[in-house]
Chemist: 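Once you've had a glance at the structure underneath, I'll fire off some questions.
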Amino acid sequence: MNFNNTYSVPAWWQRIFSVWYRHERVYNSNFLSNAFPPFLEPLIMLWGLGIGFGAYIQTMGAINYLLFLASGIIMTSSMYTAAFECTYGTFIRLEFDKVYDGMLGAPLSTNDMIIGEVLFAGTKGALFSLAVLIVTWLFGIITYPWSLGAVVIGFICGIMFGTLSMWITSFTHNINHFNFYFTGILSPMFFFSGAVFPLENLPKSLQMLAQTIPLTHVVTLARAFCVPGHFKMQLLYNLLYCVIFILITGWLALQGIRKRMID
Amino acid sequence: MSNNAVSIKHLNKSYGKLKAVDDLNFTVQPAECFGLLGPNGAGKTTTMKILYGKSQPDATPTPYIDIFGHHPKQDALVIKSFSGIVPQQDNLDTELNVRDNLYIYSRFYGLSGSDALKRIAGLLDFMELSEKAQVKIRELSGGMQRRLTIARALINQPRLLILDEPTTGLDPQVRHLIWNKLRELKEQGVTVLLTTHYMEEAFQICDRIIIMDKGRKMLEGVPRELMKANLEAYVMEVYGADGHNYPGITLDQPGIRCETYQDTLFVYSDKQDRLVSFAESLSLSDYYIRQANLEDLFLKVTGRSLNELQ
């Protein structure tokens with residue numbers, strides 16, 4: 001071995017990519033068990049809600065109910081996968097397996113690790129969105145050619161819930177406490193984001209509340225890509241919300257995790 | 001920039017009221033093996049963590065830290081790029097197999113794929129793990145995991161190797177293997193900084209050591225010289241005694257030094273016959289005379305009773 005070589009720190013994007021690559025390798029090494037659920041989930045949802053409700057409700061507002069529902073669960077699917085990755089997944093790597101401690105022995109900063117992981121959550125979000133889209137394409141529910149764009153929104157959604165979940169994880173010291181996050185925060189979001197029923201007929205106060213939660217904005221964006229005639233300038237406002245949300249929760253996550261890892 | 005590999009001055013670290021490191025000073029020469037010894041809670045691990053930026057020292061008084069010309073506050077990544085770090089607790093990636101652990105880690109240093117594969121083959125061979133390349137981490141024994149952790153720390157061909165208790169909990173075979181490997185690395189010019197509480201380990205591989213207790217440096221020097229300067233050559237252990245069992249006989253005699261711990265009496269002397277005659281004068285039967293070792297020095301310096309962190 002030659003121990004007199006020159007040393008250099010990889011560029012920031014190489015470091016972040018190497019972290020992303022670690023997650024990708026782990027994910028793909030369990031490819032079979034990881035590849036089915038994203039396809040199965042939307043099938044169950046569309047069957048369960050679509051066939052059950054769909055028998056009574058043909059249209060939701062002006063949209064076919066199955067189309068309405070499908071364009072909603074493209075986002076909830078992304079939300080849940082990113083949230084699982086950056087709560088239970090992150091917590092196990094942080095506290096049980098000590099994978100992060102191991103990575104900190106290499107020329108990586110805590111920021112590199114968090115950003116790499118959040119980008120992976122975004123990637124998973126995009127993949128899960130794509131899986132839902134493929135199912136809905138096959139069943140002829142979504143036919144709009146722009147719908148492929150919803151994958152990008154799935155990525156944004158994954159990043160949003162990645163940073164939010166990572167921040168939650170940074171101050172969670174008992175893995176069971178994530179139950180509060182999932183049932184107390186994500187489940188209400190699932191229902192009051194306009195993913196499964198429209199918000200227009202809700203009481204004014206609930207409508208206001210719905211506008212504050214992140215899922216509402218990505219659902220609005222995704223639906224514009226899946227349902228013809230929904231593109232309008234207002235979508236820029238939804239996008240702006242996403243950017244600001246990511247910046248704030250991302251900053252909190254960076255601070256929180258760094259504080260937890262560097263003593 | 002000095003010619004030292006590592007130099008530390010006025011290093012302090014407190015956790016609330018607990019002073020983990022208390023005004024620590026030491027220097028390590030290039031290609032030297034330097035050992036930090038001390039009981040649990042002496043501040044060894046904290047010191048190691050500070051060196052690679054995992055822990056931050058107290059801001060006042062301002063510590064002087066120089067690791068090949070770099071300070072961990074500004075240059076933690078630079079320091080880690082030329083260092084190999086073996087933490088106290090193995091933290092291998094349990095979701096990857098042996099080879100992928102090294103491969104993924106090589107990416108963190110920006111190594112190219114073909115370079116990495118060549119180094120990985122070499123390192124698996126060096127640490128005698130070639131046959132385990134495809135094995136999952138959980139299926140490895142403790143000794144194999146330790147060797148893999150060391151192999152991982154060598155993937156960037158470091159000039160500085162930081163090892164926190166590299167052989168704790170391992171069987172003698174693996175311990176000797178690791179010692180041999182560390183000697184080989186040292187001969188190749190790698191600076192080795194390690195912590196241990198095995199006195200034999202320090203004796204076997206360390207050129208110089210410091211003994212720490214409660215965050216402070218108690219002794220510093222070459223192991224053999226430290227023993228000569230601070231400890232008698234022989235020690236007699238007398239069991240079943242508590243020091244009060246010998247009325248009329250004073251333990252305070254010229255040429256010997258006595259110490260009691262629970263029911264064992266330790267009698268130190270530079271002359272073996274002095275100990276024999278002492279034993280005969282007390283008509284002792286259950287005793288054992290041996291050469292004093294580093295462990296005796298360690299216990300002399302850090303005390304025999306347990307502290308609250310042990």
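Protein chains get the first letters and strands the later ones, always in sequence-line order, with residue 1 at the start of each. Below, each value reflects all heavy atoms present in this structure, side chains not excepted, and no hydrogens, waters or symmetry copies. What you see is a predicted model, and the numbers here were worked out from it, not measured in a lab.
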Chemist: Taking A:L108, A:V99, A:N30 one by one, which has the highest count of heavy-atom pairs under 4.5 Å against chain B?
Modeler: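 Of the options given, most contacts go to A:L108.
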Chemist: Heavy-atom distances under 4.5 Å only: say whether B:Y109 touches chain A with side chain, backbone, both or neither.
Modeler: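 It is both, since atoms from each part get that close.
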Chemist: In terms of heavy-atom contacts, does CZ of A:F171 have more than 12 from other residues, nucleotides or ligands at under 6.0 Å?
Modeler: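 Above 12, so yes.
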Chemist: Answer yes when B:R146 and B:D90 have at least one side-chain N-carboxylate O distance shorter than 4.0 Å, and no when they do not.
Modeler: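 Here B:R146 pairs with B:D90 in a salt bridge, since their nearest N and O are under 4.0 Å apart.
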Chemist: Under a 4.5 Å heavy-atom cut-off, does chain A meet the side chain of B:F82, its backbone, both or neither?
Modeler: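 When you check distances to chain A, atoms from both the backbone and side chain of B:F82 fall under 4.5 Å.
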Chemist: Which bit of B:E184 is near chain A, if near means a heavy-atom gap under 4.5 Å: side chain, backbone, both or neither?
Modeler: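 No part of B:E184 comes within 4.5 Å of chain A.
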Chemist: Parallel, tilted or perpendicular: which fits the ring planes of A:Y88 and A:F84, with parallel below 30° and perpendicular above 60°?
Modeler: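 Correct class here is parallel.
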Chemist: Show the nearest heavy-atom pair for residues B:E32 and B:R208, with the distance to one decimal.
Modeler: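 Where B:E32 meets B:R208 most closely, the heavy atoms are OE2-NE, 2.6 Å.
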Chemist: Among B:K49, B:E95, B:K13, B:R107, single out the residue with the greatest number of heavy-atom pairs under 4.5 Å to chain A.
Modeler: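 The candidate making the most pairs under 4.5 Å is B:E95.
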Chemist: For B:Q29 and B:N4, test the side chains for any donor-to-acceptor distance below 3.5 angstrom and give the result as yes or no.
Modeler: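 Yes.
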Chemist: Looking at B:L96, B:I85, B:D93, which one has more heavy-atom pairs under 4.5 Å with chain A than the rest?
Modeler: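 Heavy-atom pair counts peak at B:D93.
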Chemist: Sort out for me which of B:D100, B:L92, B:N97, B:I50 touches chain A most, counting heavy-atom pairs under 4.5 Å.
Modeler: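 Looking at each of B:D100, B:L92, B:N97, B:I50 in turn, B:D100 comes out on top.
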Chemist: For the residue pair A:F161 and A:F245, categorise the inter-ring angle as parallel (less than 30°), tilted (30 to 60°) or perpendicular (more than 60°).
Modeler: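 It falls in the tilted class, 30° to 60°.
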Chemist: For the atom pair CD1 (A:I153) and CD1 (A:I74), what is the distance rounded to the nearest 0.5 Å?
Modeler: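 If I round to the nearest 0.5 Å, the distance is 10.5 Å.
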Chemist: Could you look at A:S8 and say if it's the side chain, the backbone, both or neither that has a heavy atom under 4.5 Å from chain B?
Modeler: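 Contact with chain B involves the backbone of A:S8 alone.
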Chemist: Is A:R15 in contact with chain B via its backbone, its side chain, both, or neither, using a 4.5 Å heavy-atom distance?
Modeler: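 For A:R15, the side chain is the part near chain B, not the backbone.
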